[in-house]
Number of protein chains: 2
Amino acid sequence: MKMQNFKFQSSGLGRFFGPLEAKIMEILWTAESEITIKDVQHKLDREKAISFNTVMTVMNRLVEKGILQKRSLIRSFVYRPVMTREAFMEAQSKELTFDLIEEFGSQAVVHMVDALDQVDPELLDRLEQKIKELKKDR
Amino acid sequence: MKMQNFKFQSSGLGRFFGPLEAKIMEILWTAESEITIKDVQHKLDREKAISFNTVMTVMNRLVEKGILQKRSLIRSFVYRPVMTREAFMEAQSKELTFDLIEEFGSQAVVHMVDALDQVDPELLDRLEQKIKELKKDR
DNA sequence: CTCCTCACACTACTTATTGTAGTAGGTATA
DNA sequence: TATACCTACTACAATAAGTAGTGTGAGGAG
């Protein structure tokens, strides 16, 4: 699972994947169980016809990258994400937060408070609480 | 100035630029004033001979991206960064912090405390202080 | 005044990533 | 056996980045 980029411009899964990859991951993570390429293709078709082969190529590349797993059935393969969406987002969030602080240290701290305040002031309380908890445990 | 990616694997300027781009920006930001392509090439040569044209191409691409400015002298061009390194890092730090919180919200908050604690516990106090200041002002 | 040198512009090739899809090949079923 | 379907392989376009060759124009050497 070599994730590498966080894109500034996009949002959601588009920050980590290409546009088609993102849609495909969206579908895979929405599916309750393992699904086939055909399934994915049909769900994508709502917007625009995309070749079966295109979907297959992208999905197999995601397998190579360790994002998806594929399993052979009698007549076809079924795919599923290696991690849940939550686990994935959790991992990315953690990675990114650590990298941010490693890279920017106190500079980031300054922006954190502003950012939290603007996005959702309640997060400030959460953060304050978290800090207190940590300090108490020592 | 369209910066787009934050790379997980690398560090420093390598998080925002390609390897050669990063070395070149390092040189530009270290230089006291405007410098020529030749200057940059010579400083790079300490490690490995790189063609003048290669350096020129990369530097002009950085100009297109709005990272560098070039100015015409009688016989040649001189280059300098549009922003100071500090301003650049500041902008990236801010952008990334906001995006992180926008994307991950409370999930990020949890990791922030851990990350700060591991990287430099004093940052926790700084953050706590910042929160208090903000709340007081309201 | 002519010619050479140098710096810049233009073009191109390479690798990697992502989107796109054609063709080839194997297997099960009609 | 023929066909329908699924998979594998291959390939092409676009973008980003590294690398460098060729073309060109202008200033200095003689």
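Within every chain, numbering begins at 1; the chains are lettered A, B, ... in the order of the sequence lines, protein sequences first and strands thereafter. As the structure is a prediction and not an experimental result, all values here were calculated from the model.
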Between [X] ([atom1]) and [N] ([atom2]), how many Å, whole number?
| X | N | atom1 | atom2 | result |
| --- | --- | --- | --- | --- |
| B:K70 | C:dC8 | NZ | P | 8 Å |
| A:N60 | D:dC6 | CG | P | 15 Å |
| A:K65 | C:dA16 | NZ | C1' | 11 Å |
| A:I24 | C:dT18 | CD1 | C1' | 11 Å |
| B:L68 | C:dC8 | CG | P | 14 Å |
| B:M59 | C:dA9 | CE | C1' | 15 Å |
| A:E64 | C:dA16 | CD | P | 13 Å |
| A:Y79 | D:dC6 | OH | P | 12 Å |

Salt bridge or not between A:K130 and B:D117? Use side-chain N to carboxylate O under 4.0 Å.
no
Would you call B:E128-A:K132 a salt bridge at under 4.0 Å N-O?
no
If the plane angle is over 60° it's perpendicular, under 30° parallel, otherwise tilted; pick one for A:W29 and A:F88.
tilted
Using the ring of each side chain (for Trp, its six-membered ring), is B:F16 parallel, tilted or perpendicular to A:F8, with breaks at 30° and 60°?
perpendicular
If I take atom [atom1] from residue [X] and atom [atom2] from residue [Y], how far apart are they, to the nearest 0.5 angstrom?
| X | Y | atom1 | atom2 | result |
| --- | --- | --- | --- | --- |
| A:T84 | A:M89 | OG1 | CE | 11.0 Å |
| A:L44 | A:F52 | CG | CZ | 12.0 Å |
| B:N53 | B:Q41 | CG | CD | 9.0 Å |

Would you mind building the protein contact string for nucleotides 19-30 of chain C? One character per nucleotide, 5' to 3', B for base within reach (heavy atoms under 4.0 Å), S for sugar-phosphate only, - for untouched.
BBBBB----S--
Does atom CD (A:E95) have a neighbourhood of more than 12 heavy atoms from anything else shown, all under 6.0 Å?
yes
Taking atom NZ of A:K70 as the centre, does the number of heavy atoms from other residues, nucleotides or ligands within less than 6.0 Å exceed 12?
yes
Let's see if you get this right: which residues in residues 33-43 of chain B place a heavy atom under 4.0 Å from DNA chain C?
B:I37, B:K38
Is it possible for you to say whether A:I67 and A:V63 belong to one hydrophobic cluster, with membership spreading through side-chain heavy-atom contacts below 4.5 Å?
yes
What nucleic acid atoms does A:F52 come within less than 4.0 Å of, heavy atoms only: base, sugar-phosphate, or nothing?
base
I'd like to check A:M25 versus A:L68 (side-chain heavy atoms, cut-off strictly below 4.5 Å). Are they in contact?
yes
Computed from five pairs at either end and rounded to 10 degrees, the angle between the axes of the helix from C:dC1-D:dG30 to C:dA30-D:dT1 is 40°
